[in-house]
Visitor: 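After the structure tokens below, expect a handful of questions from me.
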Amino acid sequence: MEEIPVHGLKELERHVQQLAEAPETALDAKLFDEVELQLNDTNIPPLIPRLLPSLTQVLLTYDKDPTILASLCMKLLRPVPFTQALTLASEDALIQALRSPAPAAAILAITVIEKAARSPSDTAILSIMKGVVEEFLRTWLGTPHVEVGEMATKALGDLLEVDCDRRTSATIDTKMSGLQIASNMPPGQGLLWRRIFQDRDIYNLLFSLCSFHTIGTGPGQLDERQKSLAQARLLRVLPRLAVLDFQTITRSHFPEIEGRYKIDQHGLLYFAAVDMVNKDEDMLMHITVIDFFAEFLDVMSMTELTKSTMDYLAALMKKVASTDETLYKSLEAMALDPETSPELVDLLVKLNEYP
């Protein structure tokens, strides 16, 4: 076996083997930290086959806080491509980690999943893994841990950007939230988009976890606080998706599902912007919706808008004007604010004057 100059490595290998054979063994945190602090780009590759398989095995049966184990795994996984990571973590293992109450386990699973954003072929492989995609979305919307939710939000946006097979709205470069969506990026295959929007179970999951009509404490339900977190996460990712594929998030995919949530216009975007939040009782989420509209219209103002897109935006704004006076006044103030970009002012004026 190749000698790798990492102090404590052999001791750690023996310790991990003990944990695999007897999960009740006390974890030597100091030994894990000692080895992890010595890892670098040079010594990580030869350590991957020596440590990762046994660490993965331990994580499957370890019933205590897995933070220390997961931290070392994440560092070792850094250079590992998605397909290789799948040989170390099966679909069932990823689902189990996503379901874990320990945030470190969910973060480890998302670390593997987000690797699929490195190429369209990898996102295509991910799209076939329905159970993983469904549990990933459930974790994204349902986790009470802010750091897990934020990581999942970014990962979902990255995955759908790489997988997007058409960027009809993004015909020019668009910056938002510190991210760049480039019009010259090669298109993906659209398989993950179809998995999310054309799979009945997964599409329904987005509505059931985010609608204020489904607040509860039963299986598969979210309480009031968690519902607000889920709604905010959906609103956060939608501006990015709107620039990538406006048509997919604004058309009907399963009318019976959308009808169940009393949406009188088509699509996930309309649901999130108009019907998802109980604005009379949830003041904080009402403010979040107002902030969403500001970001959403800002990014749309920096894209080339087709007539059908303008028609949709105008209908959406007319609905807002008639049902949400606070939001409408906020948009009016934005149009008059000298700090507002000229592109956004122009879009707001056009929408206000739209026939």
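Throughout, residue positions are numbered sequentially from 1 according to the sequence presented.
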Visitor: Under 3.5 Å, is there a donor on one side chain and an acceptor on the other for Y203 and E258?
Guide: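 E258 and Y203 do have a side-chain donor-acceptor pair below 3.5 Å.
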Visitor: Between the side chains of T214 and K227, does any donor sit under 3.5 Å from an acceptor?
Guide: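 A pair is found: one side chain offers a donor N or O, the other an acceptor, under 3.5 Å apart.
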Visitor: Taking side chain as C-beta onward, heavy atoms only, is D275 less than 4.5 Å from Y270?
Guide: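 Yes, side chains in contact.
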Visitor: Are the side chain of T143 and the backbone of T139 linked by a donor-acceptor contact shorter than 3.5 Å?
Guide: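 The answer is no, because no donor-acceptor pair under 3.5 Å joins these two groups.
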Visitor: What closest approach, in Å, do A314 and Y354 show between heavy atoms, and which atom pair accounts for it?
Guide: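 Heavy atoms only, the tightest pair is CB-CD2, 3.3 Å.
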Visitor: Salt-bridge test for K130 and D201: reply yes if a basic N is under 4.0 Å from a carboxylate O, no otherwise.
Guide: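 Salt bridge: yes.
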Visitor: Between atom CG of L209 and atom CD of Q226, what is the distance when rounded to the nearest 0.5 Å?
Guide: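 Answer for the CG-CD pair, L209 versus Q226, is 9.5 Å.
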Visitor: To check you understand the geometry: which heavy-atom pair defines the closest contact between P66 and L59, and what is its length?
Guide: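 Where P66 meets L59 most closely, the heavy atoms are CB-CD2, 3.7 Å.
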Visitor: Less than 4.0 angstrom from a charged side-chain N to a carboxylate O is my criterion; do R138 and E134 meet it?
Guide: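 E134 and R138: salt-bridged.
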Visitor: Is there a donor-acceptor pair under 3.5 Å between the side chain of Q231 and the backbone N or O of C210?
Guide: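 Yes; at least one donor-acceptor contact below 3.5 Å.
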Visitor: Check the pair V243, F296 against side chain to side chain contact (heavy atoms under 4.5 Å, CB included), reporting the backbone distance first and the verdict last.
Guide: CA-CA 9 Å; V243 175; F296 168 62; over 6 Å; no
Visitor: Would you confirm whether Q96, through its side chain, and L60, through its main-chain N or O, come within 3.5 Å as a donor-acceptor pair?
Guide: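 The answer is yes, because a donor-acceptor pair under 3.5 Å joins these two groups.
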Visitor: Using a strict 4.0 Å threshold on nitrogen-to-oxygen distance, state whether K279 and D324 make a salt bridge.
Guide: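 Here K279 pairs with D324 in a salt bridge, since their nearest N and O are under 4.0 Å apart.
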Visitor: Scan side-chain atoms only and decide if S90 and D92 contain a donor-acceptor pair under the 3.5 Å cut-off.
Guide: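 No donor-acceptor contact under 3.5 Å links the two side chains.
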Visitor: For residues 103-112, which side-chain donor-acceptor pairs fall under 3.5 Å, sequence neighbours excluded?
Guide:
residue, atom, partner, partner atom, Å
T111, OG1, I107, O, 2.7

Visitor: Does any donor atom in the side chain of D311 or S308 lie under 3.5 Å from an acceptor atom in the other side chain?
Guide: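 There is no such pair between these side chains.
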Visitor: Start with the C-alpha gap between L205 and L141, add the side-chain angles, then the distance that decides, and say whether side chain to side chain contact (heavy atoms under 4.5 Å, CB included) holds.
Guide: CA-CA 10 Å; L205 185 68; L141 294 172; 5.6 Å; no
Visitor: Any sub-3.5 Å donor-acceptor pair from H253's side-chain atoms to G267's backbone N or O?
Guide: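 No, the answer is negative, given that no donor and acceptor are paired below the 3.5 Å cut-off.
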Visitor: Is L327 reachable from M334 through a run of hydrophobic residues whose side-chain heavy atoms are each under 4.5 Å from the next?
Guide: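 Yes, it is one cluster - the side chains of M334 and L327 are joined through contacts under 4.5 Å.
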Visitor: To the nearest 0.5 Å, how far apart are CG in L347 and CG in D298?
Guide: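 Spacing of CG (L347) from CG (D298) equals 9.5 Å.
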Visitor: Side chain to side chain contact (heavy atoms under 4.5 Å, CB included) between R260 and I257: does it pass, once the steps are laid out?
Guide: CA-CA 5 Å; R260 197 180 305 152; I257 292 175; 4.1 Å; yes
Visitor: Which distance, rounded to the nearest 0.5 Å, do you find between the CE of M300 and the CG of L351?
Guide: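 M300 CE to L351 CG: 10.0 Å, rounded to 0.5 Å.
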Visitor: At what distance, to the nearest 0.5 angstrom, does CE of M276 lie from CG of L269?
Guide: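 It is 10.0 Å, given to the nearest 0.5 Å.
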Visitor: Under a 3.5 Å distance rule, please check whether E11 uses its side chain to pair with a backbone N or O of L31 as donor and acceptor.
Guide: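 Answer holds: no.
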Visitor: Do V345 and M317 sit in one hydrophobic cluster, given that two such residues count as connected whenever their side-chain heavy atoms are within less than 4.5 Å of each other, even indirectly?
Guide: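 V345 and M317: separate clusters.
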Visitor: Decide whether D346 and S301 meet the rule of one side-chain donor and one side-chain acceptor closer than 3.5 Å.
Guide: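 S301 and D346 do not have a side-chain donor-acceptor pair below 3.5 Å.
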Visitor: Y312 vs F246 aromatic rings, parallel, tilted or perpendicular, using cut-offs 30° and 60°?
Guide: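 Because their plane-to-plane angle is over 60°, the rings of Y312 and F246 count as perpendicular.
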Visitor: List the steps and the verdict of salt bridge (charged side-chain N to carboxylate O under 4.0 Å, His left out) for R194 and D165.
Guide: CA-CA 10 Å; R194 289 194 278 280; D165 59 353; 3.4 Å; yes
Visitor: Side chain of T309, backbone of L305: donor and acceptor closer than 3.5 Å?
Guide: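 No; zero donor-acceptor contacts below 3.5 Å.
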Visitor: How about H7 and E34: does a side-chain donor come under 3.5 Å of a side-chain acceptor?
Guide: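 On atom types as modelled, these side chains qualify, holding a pair under 3.5 Å.
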Visitor: Tell me, with the steps shown, if L9 and E13 meet side chain to side chain contact (heavy atoms under 4.5 Å, CB included).
Guide: CA-CA 6 Å; L9 175 59; E13 287 182 294; 4.2 Å; yes
Visitor: Can a donor-acceptor pair be found between the side chains of H286 and N278 at a distance below 3.5 Å?
Guide: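 H286 vs N278: no donor-acceptor pair found between side chains.
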Visitor: Could you tell me if the side chain of I113 sits less than 4.5 Å from the side chain of V133, heavy atoms only?
Guide: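 No, their side chains stay 4.5 Å or more apart.
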Visitor: Check whether S330 reaches the backbone of T326 with its side chain - one donor and one acceptor, N or O, closer than 3.5 Å.
Guide: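 Answer holds: no.
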Visitor: Can a donor-acceptor pair be found, under 3.5 Å and without considering hydrogens, that links the side chain of D163 to the backbone of G190?
Guide: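 Side chain of D163 to backbone of G190, a donor-acceptor pair under 3.5 Å: yes, one is there.
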Visitor: So, R240 and D158, do they make that salt bridge, N to O below 4.0 Å?
Guide: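 A salt bridge links R240 with D158.
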Visitor: What I want to find out is whether K154 reaches E150 closely enough, with some N-O distance under 4.0 Å, to be called a salt bridge.
Guide: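 Between E150 and K154 there is no salt bridge, as every charged N stays at least 4.0 Å from the carboxylate O atoms.
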Visitor: Verify whether one side chain among W193 and T248 offers a donor that lies under 3.5 Å from an acceptor in the other.
Guide: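 No donor-acceptor contact under 3.5 Å links the two side chains.
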Visitor: Do side-chain atoms of R195 reach the backbone of S127 as a donor and acceptor pair under 3.5 angstrom?
Guide: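 Confirmed, R195 side chain pairs with S127 backbone.
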Visitor: Which donor-acceptor pairs under 3.5 Å do the side chains of residues 68-78 make with protein atoms, sequence neighbours left out?
Guide:
residue, atom, partner, partner atom, Å
S71, OG, E36, OE1, 3.2
S71, OG, E36, OE2, 2.8
K75, NZ, E36, O, 3.2

Visitor: Donor-acceptor pair, N43 side chain versus N40 backbone, under 3.5 Å?
Guide: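 A pair under 3.5 Å: yes.
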